[in-house]
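Inspection log for the structure reproduced underneath, given as structure tokens.
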Amino acid sequence: MFQKSADQSSLFDVETYFQGVLPQDDWSFIYRDKILPLIDEEEFRHLYDAAEGRPNAPIKVMLSLLIFMGMERLTWRGVEFQFSRRLDWLCATRTPVVRNPIDHTTLFKFYQRLEGDETARKLFVRMTEDFIEACGTSIKKQRTDSFYMHGWLRILSRYGLFKETIRKFLLNLRKQKPGLYEKIKGQLSQTYLEKEFDLTEKDHELAQRKVALMAQDLYRLKAAFSNHRQVAHYESFEILCQVFDQQCQVNESQPGEPEILIKEKPDKDALCTPHNPEVRYVRKGKQRVTGDKAVITETCDQENRTQFLLDVDVHAANHYDGNDQEPIQQRLTENEFKPEQQYCDAGFVNGQTILNSEKNGITLEGPTPGHSQSFESYNSANRPFDAADFKVNYDQDTRTMAIQSCPLGQIPINQHRSIKTKEMLVHFDPRICRTCDQAARCPVKTGKRVATWKVLETEYVSARRYHLYMEDAGYRKQCAIRAGVEATVSEMTRVHGVRRSRHRSRNRTTLQLIFAAISCNVKRFIRHGQNHGYLTPKLALEVA
């Protein structure tokens, strides 16, 4: 049952009961007076029944504990232990000394209520709005970056994936349908539910033979229960079928039992563990990740005394950053955080995202991918020509282009747009192209009757940005402001503990990142007040 917190102060408040125990400039007073009132408990009413059930614990206190949890990288039991012993926490949350503390179970159940709900994100946005107003922070310039959040699951090889997938399904089958389990286990190549269970095999040749046998076991299990009314709907069986389809293929050309072939490479976006079908495996350099990818956006105007995080989100680890650029800008616009300039690395910047950003009224700055950022390669006489090397008349209003000449000055015979592919088909004289000494560098394909170059506006915009980045030192210096977000990523991962997810589901991982972002902004807001004070009367603070 929903119940608002009482606003009346208590004789057993920390400030009354232990006078002078905390210094006057302690952070807890700023939090109590300036941040705690920003939490509107009415927005969390829908999470509880209107009339039935036990009254909820104070929502302001529970949200504050989740923020403190992110500030100090504490566990659920650690928060429970600290809350009844930290006078600054009691002072910050206006909790009387003699009040029964909130246990970790109550706190975690409240966290579960927030899962999949937008209330926590709305709290992050509203608090950030007030922080920006109070600190006079400009949102005209912003920077975005992504980083990996490691899951708690082990990175499995194909051997371990097959073995653990079968084991998980058989455990479920033995529990739910022991008769079916006893019937099927004798048809398998090994006993998967043995006590001593190992997901690795050091002998490579033996591992390959066992993988082939386990692939056959996967097929037998899939064939045996695909039409079963109940077993076919088990989550563990659906995962087993998905793993088989992604990793194996069936050759039914031969008579008798079909041959099971192991794919050289699994399908794109393949499962990497049967315990959490949401996480994905990715390898970047020496970093191997089974988990998710977090994306953060913060202010970056150099005139700001304090920068604040404006947007966070979580995706699969193999998610392409460029696909997230449009949703980021939509959220920023909806939350009234729309920037004038957004600085990103090459993962977010390409011809399409540059054009989409222009439609949204945002200038996307940064280098584009697919090109070497080596000055030696760029200035090399053998560098392949790209779209920006051609003389192009580009209409900024209609975002269309017309090719005027090739890099060596040859004028096209004709050009038109393909209805099917939307590409510009630019035709040159093949006789001139065949005799050109730069033909090896040119993207124009020379045929018997015509020489054709296929190009899109996005390719030209991307190439033009690449030339600007490599030729203009001032622009490179301007884009260098993006590097500052790396420090924020380091702060979020080391100080606020989001390098590793505490949870299996992506919704809870997103919730963890949101509260870590709130914690980071709260910490920066308090530090700003202690050093500079605040601007607005709503959050005005006299700095001692």
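For the pair Glu164 and Pro274, the tightest heavy-atom approach, listed with the atom from each and the gap, is CG-CG, 3.6 Å. The nearest pair of heavy atoms linking Ala316 to Arg280 is CB-CG, 4.0 Å. The two atoms that bring Ala92 and Leu36 nearest to each other are O-CD2, 3.6 Å, heavy atoms only. Pairing each heavy atom of Thr353 with each of Phe348, the nearest pair is OG1-O, 3.0 Å. The nearest pair of heavy atoms linking Tyr466 to Thr368 is CB-OG1, 3.7 Å. Ser226 and Phe237 make their closest contact through N-CZ, 3.7 Å (heavy atoms, listed as atom of the first residue, atom of the second, distance).
Atoms OG1 and CD1, from Thr306 and Ile526 in turn, are 12.0 Å apart once rounded to the nearest 0.5 Å. Taken from NE2 in His528 to CZ in Arg305, the straight-line distance is 6.5 Å, to the nearest 0.5 Å. Note that SG of Cys479 is 11.0 Å distant from CG of Asp345, once rounded to the nearest 0.5 Å. To the nearest 0.5 angstrom, Leu171 atom CG is 5.0 Å from Leu193 atom CG. Atom-to-atom distance recorded for Ser138:OG and Asp301:CG is 4.5 Å, nearest 0.5 angstrom. In this structure, Asn56 CG and Ile102 CD1 are separated by 9.5 Å, a value rounded to the nearest 0.5 Å.
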What verdict does the side chain to side chain contact (heavy atoms under 4.5 Å, CB included) test give for Val295 and Phe147, after you've listed the backbone C-alpha separation in whole Å, the side-chain angles of each residue and the deciding distance to 0.1 Å? CA-CA 7 Å; Val295 182; Phe147 60 92; over 6 Å; no
Step by step, work out the side chain to side chain contact (heavy atoms under 4.5 Å, CB included) result for His104 and Val79. CA-CA 7 Å; His104 69 278; Val79 172; over 6 Å; no
Determine, stepwise, if the pair Arg32 / Asp26 fulfils salt bridge (charged side-chain N to carboxylate O under 4.0 Å, His left out). CA-CA 11 Å; Arg32 181 194 65 186; Asp26 189 75; over 6 Å; no
Decide salt bridge (charged side-chain N to carboxylate O under 4.0 Å, His left out) for Glu41 and Lys4; before the verdict, give the C-alpha distance in whole Å, the side-chain angles of both, and the deciding distance to 0.1 Å. CA-CA 7 Å; Glu41 294 185 337; Lys4 289 189 66 174; 5.7 Å; no
Chi angles and distances behind the side-chain hydrogen bond (donor to acceptor under 3.5 Å, both in side chains) call for His150, Asp292: CA-CA 7 Å; His150 296 257; Asp292 300 295; over 6 Å; no
Before you tell me yes or no, could you show the steps for Asn507 and Thr510 under side-chain hydrogen bond (donor to acceptor under 3.5 Å, both in side chains), namely the whole-Å CA-CA distance, both residues' side-chain angles and the distance that decides it to 0.1 Å? CA-CA 5 Å; Asn507 284 338; Thr510 303; 5.3 Å; no
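For Tyr534 and Phe525, the distance between ring centers is under 6.0 angstrom. Checked against the 6.0 Å centroid threshold, His503 and Tyr111 count as a close aromatic pair. For an aromatic pair to be called close, the ring centres must be under 6.0 Å apart, and Phe225 with Phe169 satisfies this.
A salt bridge is absent between Glu43 and Lys122: the closest approach of a Lys/Arg side-chain nitrogen to an acidic carboxylate oxygen does not fall below 4.0 angstrom. By the 4.0 Å N-to-carboxylate-O rule, Arg482 lies too far from Glu365 to be salt-bridged with it. Salt bridge annotation for Asp313-Arg121: present, with a cationic side-chain nitrogen under 4.0 angstrom from a carboxylate oxygen. Classification of Arg464 and Glu459 as a salt-bridged pair fails, no side-chain N sitting under 4.0 Å from a carboxylate O. Glu129 and Arg126 are not joined by a salt bridge, as no carboxylate oxygen comes within less than 4.0 angstrom of a charged side-chain nitrogen. A salt bridge between Glu298 and Arg524 is present, with a side-chain N of the basic residue lying under 4.0 Å from a carboxylate O of the acidic one. Look at Lys293 and Asp321 and you find a salt bridge, because one of the NZ, NE, NH1 or NH2 atoms lies within 4.0 Å of a carboxylate O, short of that distance. Between Arg331 and Asp311 there is a salt bridge, since a side-chain N of the basic residue sits under 4.0 Å from a carboxylate O of the acidic one. The pair Glu457-Lys422 fails the salt-bridge criterion, with no side-chain N (NZ, NE, NH1 or NH2) lying under 4.0 Å from an Asp/Glu carboxylate O. Looking at Glu80 and Arg77, no side-chain N of the basic residue comes within less than 4.0 Å of a carboxylate O on the acidic one, giving no salt bridge. Residues Asp130 and Lys34 are not paired through a salt bridge, judged by the lack of any N-O separation under 4.0 Å between the basic side chain and the carboxylate.
Contact annotation: the side chain of Ile155 never approaches that of Cys272 to less than 4.5 Å [non-hydrogen atoms, C-beta and beyond]. Counting heavy atoms from C-beta outward, His496 and Glu491 have side chains that approach closer than 4.5 Å. Here the side chains of Pro339 and Lys140 are not in contact, with every heavy-atom distance at 4.5 Å or above. Side-chain contact between Val289 and Gln287 is present, with at least one heavy-atom pair separated by less than 4.5 Å. In this structure, Gln352 and Glu326 have side chains that are not in contact, with every pair of non-hydrogen atoms separated by 4.5 Å or more. Residues Leu332 and Ile328 meet the side-chain proximity criterion, which asks for heavy atoms closer than 4.5 Å. Residues Met127 and Val522 meet the side-chain proximity criterion, which asks for heavy atoms closer than 4.5 Å. Two residues are said to be in side-chain contact when any heavy atoms from C-beta on lie closer than 4.5 Å; Val349 and Arg465 meet this criterion.
In this structure a side-chain-to-backbone donor-acceptor pair under 3.5 Å is missing from Glu340 to Ile362.
Side chains of Thr299 and Gln307: a donor on one and an acceptor on the other come within 3.5 Å. Checking Gln396 against Glu358 by side-chain atom types alone, a donor-acceptor pair falls below 3.5 Å. Asn172 and Tyr181 share no donor-acceptor pair across their side chains, judged by distance under 3.5 Å alone. Side chains of Ser357 and Gln329: a donor-acceptor N/O pair is present below 3.5 angstrom, by distance only. Between the side chains of Ser505 and Glu115, a donor-acceptor pair is found at a separation under 3.5 Å. Using a 3.5 Å distance cut-off with no hydrogens or angles, the side chains of His228 and Lys177 do not pair a donor with an acceptor. When only modelled atom types and interatomic distance are considered, Thr137 and Asn304 share no side-chain donor-acceptor pair under 3.5 Å. Checked by atom type, the side-chain pair Gln3/Tyr48 shows no donor-acceptor distance below 3.5 Å.
Annotation for Glu42: atom CD counts as buried by contact number, over 12 foreign heavy atoms lying within 6.0 Å. At most 12 heavy atoms of other shown residues, nucleotides or ligands fall within 6.0 angstrom of atom CZ in Arg283. For Asn227, the CG atom sits in a loose shell: 12 or fewer heavy atoms of surrounding residues, nucleotides or ligands are nearer than 6.0 Å.
The ring pair (Phe, Tyr, Trp, His ring centres under 6.0 Å) search around His319 returns His315, not counting sequence neighbours. Considering only residues two or more places apart in sequence or on other chains, Arg494 meets the side chain to side chain contact (heavy atoms under 4.5 Å, CB included) condition with Ser490.
Ring geometry for Phe68 versus Trp89: interplanar angle of 30 to 60°, hence tilted.
Pairs engaging residues 64-74 under the side chain to side chain donor-acceptor pair (under 3.5 Å) rule: Tyr31-Ser64, Glu72-Arg86 [sequence neighbours left out].
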